[in-house]
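Computed over heavy atoms, backbone and side chain alike; hydrogens, waters and symmetry mates excluded. Numbering starts at 1 and runs along the sequence shown.
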Amino acid sequence: ILLPVVARLKSADVATLYASGVAAGVLGVLLLFVARLPLYRAHRFWTFGPRQLDRKHRRFYWLAYVAVIVSLLLLWIVWLRTP
């Protein structure tokens, strides 16, 4: 599954990679906000980690971090490909 994705990354232009990286970053930030929404409603703003979240929101929490890591990797590829 990963091999076609890597092949597509080699042939993609920089603008497409940049747009994909920014979109993945925005998605990650939105997922993180949705995951932490129960904590915000309980006025617990300075908690770290997913320990105080329920199962559904904990899944959103980890998906948010995956999206942010994908975003950082795509933007790093853009940085490496620009002269």
Side-chain angles (χ1 to χ4, degrees):
I1 295 174
L2 289 177
L3 195 56
V5 172
V6 172
R8 208 174 300 154
L9 284 177
K10 285 186 174 184
S11 64
D13 62 338
V14 176
T16 304
L17 288 175
Y18 180 75
S20 301
V22 170
V26 168
L27 177 68
V29 169
L30 288 175
L31 279 172
L32 188 61
F33 177 76
V34 168
R36 293 186 52 86
L37 198 57
L39 296 176
Y40 296 152
R41 288 182 180 156
H43 298 286
R44 288 187 275 164
F45 300 107
W46 299 107
T47 59
F48 295 103
R51 279 184 289 159
Q52 298 176 356
L53 296 171
D54 61 347
R55 188 175 190 172
K56 180 179 121 179
H57 289 95
R58 195 174 293 164
R59 189 169 292 160
F60 286 146
Y61 187 86
W62 291 115
L63 283 174
Y65 274 101
V66 168
V68 168
I69 289 171
V70 167
S71 169
L72 290 174
L73 287 174
L74 287 173
L75 293 174
W76 182 61
I77 290 171
V78 168
W79 182 66
L80 289 175
R81 290 181 81 186
T82 53

Please report, to 0.1 Å, the donor-acceptor pairs under 3.5 Å made by any side chain of residues 24-31, with sequence neighbours excluded.
none

Determine all donor-acceptor pairs shorter than 3.5 Å in which one atom belongs to a side chain in residues 76-83; sequence neighbours excluded.
| unit_1 | atom_1 | unit_2 | atom_2 | d |
| --- | --- | --- | --- | --- |
| Arg81 | NH1 | Leu9 | O | 3.2 |
| Arg81 | NH1 | Ala12 | O | 2.6 |
| Arg81 | NH2 | Lys10 | O | 3.2 |
| Arg81 | NH2 | Ala12 | O | 3.1 |
| Thr82 | OG1 | Val78 | O | 3.4 |
| Thr82 | OG1 | Trp79 | O | 3.2 |

For residues 45-54, run the donor-acceptor check on the side chains, cut-off 3.5 Å, and write out each pair with its distance to 0.1 Å, sequence neighbours left out.
| unit_1 | atom_1 | unit_2 | atom_2 | d |
| --- | --- | --- | --- | --- |
| Thr47 | OG1 | Arg36 | NH2 | 3.4 |
| Gln52 | OE1 | Arg44 | NH1 | 2.9 |
| Asp54 | OD1 | His57 | N | 3.2 |
| Asp54 | OD1 | His57 | ND1 | 2.6 |
| Asp54 | OD2 | His57 | ND1 | 3.4 |

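Listed for the Ser20 side chain is a donor-acceptor partner under 3.5 Å among the backbone atoms of Thr16. When atom types are taken as modelled, the side chain of Ser71 and the backbone of Val22 share no donor-acceptor pair closer than 3.5 angstrom.
Val34 and Leu37 fall into different hydrophobic clusters, where Ile, Leu, Val, Met, Phe, Trp and Tyr side chains are chained together by heavy-atom contacts under 4.5 Å. Linking ILVMFWY side-chain heavy atoms closer than 4.5 Å, directly or via other members, places Leu73 and Leu63 in two distinct hydrophobic clusters.
The number of heavy-atom neighbours closer than 6.0 Å to OH of Tyr61, taken from other residues, nucleotides and ligands shown, is above 12.
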